[in-house]
Amino acid sequence: MEMLNSIKKTVGGEGKPTQVATEKKMEATMEAKPVANKIKLGHVHLSGCTGCLVSTADNNLGFIKILDNYADLVYSLTLADVRHVPEMDVALVEGSVCIQDHESVEEIRETREKAKIVVALGSCACYGNITRFSRGGQHNQPQHESFLPIGDLIDVDVYIPGCPPSPELIRNVAVMAYLLLEGDEDQKALAGKYLKPLMDLAKRGTSACFCDLMTEVINQGLCMGCGTCAAACPVRAITHEFGKPQGERDLCIKCGSCYGACPRSFFNFEVIDEFEDISEIIAEALK
Ligand code: SF4
Ligand code: SF4
């Protein structure tokens, strides 16, 4: 609880004025608020559909709150007029990399050089997703045929899988990245615990499909038939037969959402045990 209180002080909560008049004054001076302790956040758009950025914005006022209090958006070709990749604390990279497109290859390499933490945002960046099916031959760049997840070209620190990734997970990673970089030792430890499973996912590899459930969950005797994988699949490629998942592999777009959502895949009990505290911290941060 002591740690929770200290975290609340950093992200808001107990340290925040509660009087309405004071809040109004804070709002009025928001623009003038020093930003020295904000982290530098960037959105790098490669071969993606911008749906991951839309999902980020789907945090609604939570997204604005993050930009007001915790992060400056220093790069986003969709949202800001900054033309070249700057130094960043956290780069949210959306989309895979077309290796016949020189500029995309250069941009992902430059991102790795300039960002402290590289996050693969969404399944195209993590696993290739729908771009795995690219075969080239289309007007007006028929030679653009090979698309790779960013982890095949650079080291990636954190995965946020999903097509689209959930707004809540993006929000949580942003708040935890802030605590990791700007928090005290306890906060850094908590953020490290929270991010570890998503970092482990990044180390695990760059390919995904329904088969992951077969080889790493069902075949290992770990499946409990909960149905979370079917609920997570964006294309309804999973049904349940006799209490076990059944995949329609011609429908599967190789997004990795099912394995990412399965409670028997990569979950970390250190995080689950602190679920209530973590939820409270994030809620306080976004009040
Ligand atoms: S989410 Fe995992 S444990 Fe649950 S039914 Fe699917 S494979 Fe089994
Ligand atoms: S089965 Fe569905 S959730 Fe799993 S990888 Fe394929 S498309 Fe994604």
Side-chain angles (χ1 to χ4, degrees), residues 46-56 58 92-97 119-135 146-152 156 158-173 194 196-273 275 279:
L46 298 172
S47 295
C49 69
T50 324
C52 298
L53 185 61
V54 171
S55 211
T56 307
D58 276 346
L92 300 173
V93 183
E94 168 172 356
S96 59
V97 185
V119 179
L121 175 64
S123 293
C124 291
C126 297
Y127 300 121
N129 201 21
I130 198 74
T131 65
R132 285 290 192 194
F133 296 87
S134 169
R135 298 291 180 270
S146 315
F147 292 76
L148 295 176
I150 64 171
D152 284 348
V156 179
V158 176
Y159 272 13
I160 302 181
C163 180
S166 84
E168 294 82 3
L169 186 54
I170 302 168
R171 172 201 70 191
N172 293 1
V173 168
Y194 182 88
K196 186 170 183 304
L198 300 172
M199 294 168 77
D200 289 345
L201 213 48
K203 289 193 197 100
R204 176 179 161 263
T206 57
S207 57
C209 82
F210 171 79
C211 313
D212 295 339
L213 294 183
M214 290 165 57
T215 55
E216 296 187 39
V217 183
I218 304 164
N219 293 359
Q220 305 295 327
L222 294 171
C223 176
M224 57 185 174
C226 65
T228 307
C229 49
C233 178
V235 293
R236 306 257 193 279
I238 303 175
T239 54
H240 268 238
E241 287 178 25
F242 304 107
K244 288 286 161 68
Q246 174 73 25
E248 189 68 55
R249 268 155 283 166
D250 283 350
L251 288 180
C252 173
I253 57 169
K254 300 187 179 295
C255 72
S257 299
C258 50
Y259 182 79
C262 171
R264 290 293 175 90
S265 60
F266 69 100
F267 267 67
N268 178 328
F269 283 96
E270 284 189 57
V271 176
I272 293 171
D273 286 348
F275 178 76
S279 300

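Start at 1 and go down the list; that is how both ligands and their atoms are numbered.
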Side-chain donor/acceptor of [X] to backbone N/O of [Y], under 3.5 Å:
X: Glu94; Y: Thr50; result: yes
X: Arg135; Y: Phe133; result: yes
X: Thr56; Y: Cys52; result: yes
X: Ser279; Y: Phe275; result: yes

Taking distance alone, no hydrogens or angles, what donor-acceptor pairs closer than 3.5 Å link side-chain atoms of residues 199-212 to residues at least two apart or in another chain?
| residue | atom | partner | partner atom | Å |
| --- | --- | --- | --- | --- |
| Asp200 | OD1 | Lys196 | NZ | 3.4 |
| Asp200 | OD2 | Lys196 | NZ | 2.9 |
| Arg204 | NE | Glu216 | OE1 | 3.3 |
| Arg204 | NH2 | Glu216 | OE2 | 3.0 |
| Thr206 | OG1 | Asp152 | OD1 | 2.8 |
| Asp212 | OD2 | Cys209 | N | 3.3 |

Side-chain contact test, heavy atoms from C-beta onward, threshold under 4.5 Å: evaluate it for Val54 versus Pro164 and give yes or no.
-> no
Heavy-atom closest pair (Gly95 atom, Ile150 atom, distance to 0.1 Å) is O-CG2, 3.7 Å
Within 4.0 Å of some non-hydrogen atom of His240, the atoms of ligand 1 are 5 (S)
At a cut-off of 2.8 Å, protein N/O/S around atom 6 (Fe) of ligand 2 gives Cys252 SG
Determine whether the side chains of Ser96 and Thr131 contain a donor N or O and an acceptor N or O closer than 3.5 Å.
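There is such a pair between these side chains.
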Would you check whether Pro263 reaches within less than 4.0 Å of ligand 1, judged by its heavy atoms? yes
Listed as residue and atom, the protein N/O/S atoms under 2.8 Å from atom 8 (Fe) of ligand 1 are Cys223 SG
- Query: What's the verdict on side-chain contact (heavy atoms from CB on, under 4.5 Å) for Val156 and Val93, showing C-alpha distance, side-chain angles and the deciding distance?
  - Reply: CA-CA 10 Å; Val156 179; Val93 183; over 6 Å; no
Atom pairs and distances, side-chain donor-acceptor, residues 218-233, under 3.5 Å, sequence neighbours left out:
| residue | atom | partner | partner atom | Å |
| --- | --- | --- | --- | --- |
| Asn219 | ND2 | Met214 | O | 3.2 |
| Gln220 | NE2 | Thr215 | O | 2.9 |

